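One structure below.
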Amino acid sequence: MRVNTRFAAAAAGAAVLALGLTACGGDDSSDTSSGDGGSSGDSAGEVEVFTWWAAGSEKAGLDALVGVFNEQHPDTEFINGAVAGGAGSAAKDLLQSRLQTNDPPDTFQAHAGAELQDYISAGQIEDVSDLYDEFGLTEAFPADLVDRLTVDGKIYSIPSNIHRANVVWANPTVLEDAGLDPAATYDSMDDWFTALDAVEESGVTALSVATTWTQVNLLETVLLADLGAEGYNGLWDGSTDWEGAEVTGALEDFEKLMGYTNTDRDGLDWPDATQQVIDGQAGFNVMGDWAEAAFAEAGKSSPADYTYFPVPGTDGVFDFLADSFTLPVGAPHPDGAKNWLETVGSAEGQAAFNKAKGSIPANTDADTSDFSEYQKTAIESFGQDTIVSSLAHGAAVPVATLNDISDATSKFTTGASDLAGYQSELAAAVNG
């Protein structure tokens with residue numbers, strides 16, 4: 001992989017550019033089915049792939065996917081446009097700058113769902129519904145997933161995976177040392193609080209967490225646990241009152257959970273918080289199942305070295321998100337982008353990528369026979385559980401709303417607001 005120098009130059013100027021999304025277009029200088037992209041020269045000769053998979057298990061997943069891409073499309077050069085930063089905050093800021101200056105990558109990673117709405121509304125990404133037919137994805141992807149990807153009858157991205165956000169990861173040795181059964185799961189937040197108390201009393205951090213987006217990930221799982229799937233969904237469709245007593249109770253539980261966490265959290269990202277569990281410095285961590293790949297990368301195996309279970313109160317619910325790839329309007333190499341999208345959606349690409357990343361394939365034709373035991377349980381759960389959309393990972397709300405929720409959460413967890421103020425700010429973020 002070579003680094004794109006144009007991308008690096010854009011990064012240097014990103015901080016001084018406005019971050020609002022505005023529509024952009026490209027010259028119609030090539031005859032492609034997208035209708036808007038085009039460039040001089042070979043449209044399939046290269047593809048700049050813009051992601052936030054720059055390190056660790058995420059990069060391992062990308063590398064595995066690139067390996068399949070190089071086999072399937074050897075004449076298209078892969079250009080790595082990865083930007084470091086958990087949950088893509090730095091990448092999203094730079095991407096907005098590039099779209100605003102009419103300098104889109106050939107394809108970019110985004111979370112499927114509401115996160116795409118701003119790009120759709122600004123006319124910045126193409127409808128790729130025809131590629132679903134061309135690549136046979138309509139039949140290969142679960143029908144309910146295709147429904148979640150469809151906006152006004154159109155589909156704007158191809159998912160590379162399915163992740164679950166409501167998972168607790170635990171260190172069994174730490175739990176045993178605290179007098180707990182390492183194989184235990186917990187039916188409710190109150191039950192879990194008892195276990196967290198025991199770990200804390202043993203002198204170890206009870207619950208590791210990292211920077212703001214990981215705290216929002218924790219928040220969403222508490223809302224899901226205390227409100228249930230219907231009440232949680234109501235937070236986004238208006239049927240649950242953000243100012244109501246049930247939400248107040250959930251925020252109180254969130255506040256209590258934050259009291260068990262490491263004080264250095266705001267200077268860490270998710271791999272650091274997960275590493276604390278791996279190293280026995282913390283008992284529990286709530287993280288999406290990309291953590292599964294981090295345990296595997298560290299040479300750990302379950303249940304000897306780590307255990308996992310749904311966040312207490314969320315058993316039977318799959319908190320869904322999916323990484324996906326788009327075709328930007330004005331992509332310099334639209335045919336290269338389509339080649340990449342074909343590999344992303346393919347059974348071979350998804351098998352290689354998800355085995356390395358800890359997630360599960362969206363393509364049901366992918367061979368998962370050698371996937372980890374966790375991944376096999378996730379496949380089963382996705383097939384039978386109630387599915388809800390993740391807040392922290394762009395499936396439930398647009399980017400602007402998530403940014404406001406993140407700002408409010410950071411204020412609250414750093415002591416700059418009280419619970420009542422936090423609840424009001426969350427309500428304002430969602431309700432406008």
Side-chain angles (χ1 to χ4, degrees), residues 20-26 28 32-38 47-52 65 81 88 91-92 95-96 98-100 102-163 236 320-346 349-350 353 361-363 387 389-390 393-402:
L21 289 169
T22 57
C24 65
D28 250 346
T32 72
S33 61
S34 70
D36 293 297
V47 57
E48 181 198 357
V49 179
F50 187 100
T51 75
W52 54 83
L65 186 57
K92 292 172 189 175
L95 177 63
Q96 290 179 9
R98 291 191 58 179
L99 294 176
Q100 192 174 33
N102 226 11
D103 181 31
D106 295 311
T107 181
F108 63 83
Q109 173 196 1
H111 290 125
E115 182 176 296
L116 291 176
Q117 188 58 58
D118 289 336
Y119 305 115
I120 296 169
S121 298
Q124 293 172 319
I125 53 177
E126 302 276 6
D127 173 13
V128 295
S129 303
D130 59 332
L131 298 183
Y132 274 69
D133 295 332
E134 181 179 339
F135 301 153
L137 301 181
T138 305
E139 295 75 24
F141 288 0
D144 57 352
L145 174 61
V146 174
D147 288 343
R148 287 175 180 271
L149 298 171
T150 303
V151 179
D152 296 330
K154 299 178 180 180
I155 304 176
Y156 291 89
S157 68
I158 293 180
S160 57
N161 61 0
I162 293 168
H163 271 302
W236 321 123
F320 156 89
L321 64 136
D323 296 297
S324 65
F325 286 89
T326 64
L327 177 59
V329 170
H333 305 92
D335 291 322
K338 290 174 187 177
N339 287 345
W340 174 256
L341 293 174
E342 182 177 22
T343 295
V344 165
S346 70
Q350 297 224 338
F353 174 76
N363 190 320
I387 300 173
S389 296
S390 169
H393 304 282
V397 298
V399 173
T401 302
L402 176 56

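FYI, the numbering just counts along the sequence from 1. Note that the coordinates shown come from a computational prediction; the quantities given were computed from them, not determined experimentally.
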(request) Compare every heavy atom of Asp106 with every heavy atom of Pro332, then report the nearest pair and how far apart it is. (result) CD-OD1, 3.0 Å
(request) Could you grab the distance from atom OH of Tyr132 to atom CG of Leu341, nearest 0.5 Å is fine? (result) 9.0 Å
(message) Would you compute the distance between atom CG of Leu95 and atom CD of Gln124 and round it to the nearest 0.5 angstrom?
(response) 8.0 Å
(request) Return the set of residues passing side chain to side chain contact (heavy atoms under 4.5 Å, CB included) with Ala114 (not counting sequence neighbours), or none when no residue passes. (result) Pro398
(message) When you compare the side chain of Pro105 with that of Arg98, does any pair of heavy atoms fall below 4.5 Å?
(response) yes
(request) Please report the shortest heavy-atom distance between Pro159 and Leu145, naming the atom on each side. (result) CG-CD2, 4.3 Å
(request) Please tell me if the side chains of Leu116 and Val151 come closer than 4.5 Å, counting only heavy atoms from C-beta onward. (result) no
(message) Counting C-beta onward and ignoring hydrogens, is there a side-chain heavy-atom pair between His333 and Trp340 closer than 4.5 Å?
(response) no
(request) Evaluate side chain to side chain contact (heavy atoms under 4.5 Å, CB included) for Phe353 paired with Val344, printing each intermediate quantity in order. (result) CA-CA 9 Å; Phe353 174 76; Val344 165; over 6 Å; no
(message) List the residues meeting side chain to side chain contact (heavy atoms under 4.5 Å, CB included) with Ala91, not counting sequence neighbours, and say none if there are none.
(response) Phe50, Trp52, Val83
(message) I'd like to check the ring pair (Phe, Tyr, Trp, His ring centres under 6.0 Å) partners of Phe135; sequence neighbours left out, ordered by chain and number.
(response) none
(message) Checking the side chain of His111 only, and the main-chain atoms of His393 only, is there a donor and an acceptor separated by less than 3.5 Å?
(response) yes
(message) If I take atom OG from residue Ser346 and atom CG from residue Leu65, how far apart are they, to the nearest 0.5 angstrom?
(response) 7.5 Å
(message) When you measure from the side chain of Glu48 to the backbone of Thr107, do you find a donor-acceptor pair of N or O atoms at a distance under 3.5 Å?
(response) no
(request) Return the set of residues passing side-chain hydrogen bond (donor to acceptor under 3.5 Å, both in side chains) with Asp144 (not counting sequence neighbours), or none when no residue passes. (result) none
(request) Might you point out which heavy atoms bring Ala396 and Ser389 nearest each other, and give the distance in Å? (result) CB-O, 3.7 Å
(message) With a 4.0 Å cut-off on N to O distance, would you call Lys338 and Glu134 a salt bridge?
(response) no
(request) May I ask you to decide if Leu131's main-chain N or O and Glu342's side chain share a donor-acceptor pair within less than 3.5 Å? (result) no
(message) Between Asp127 and Tyr156, is there a side-chain heavy-atom distance shorter than 4.5 Å?
(response) yes
(request) Flag the pair Ile120 / Gln117 as yes when at least one side-chain heavy-atom distance between them is below 4.5 Å, and no otherwise. (result) yes
(message) Minimum heavy-atom separation for Pro361 and Ile162, please, with both atom names.
(response) O-CD1, 4.0 Å
(message) Tell me every residue that passes side-chain hydrogen bond (donor to acceptor under 3.5 Å, both in side chains) with Thr401, counting only those two or more places apart in sequence or in another chain.
(response) none
(message) Does Ile387 form a side chain to side chain contact (heavy atoms under 4.5 Å, CB included) with Arg148? I'd like the steps, not just the answer.
(response) CA-CA 10 Å; Ile387 300 173; Arg148 287 175 180 271; 3.5 Å; yes
(message) Just to verify, which of Ile155, Thr138, Thr150 counts as forming a side chain to side chain contact (heavy atoms under 4.5 Å, CB included) with Ser129?
(response) Ile155
Please list, one pair per line, the donor and acceptor atoms closer than 3.5 Å that link side chains of residues 322-329 to other protein atoms, with sequence neighbours excluded.
unit_1	atom_1	unit_2	atom_2	d
Asp323	OD1	Gln109	NE2	3.0
Asp323	OD2	Asn161	ND2	2.9
Asp323	OD2	Lys357	NZ	3.4
Ser324	OG	Ala110	O	2.9
Ser324	OG	Ser157	OG	3.1
Thr326	OG1	Phe108	O	3.4

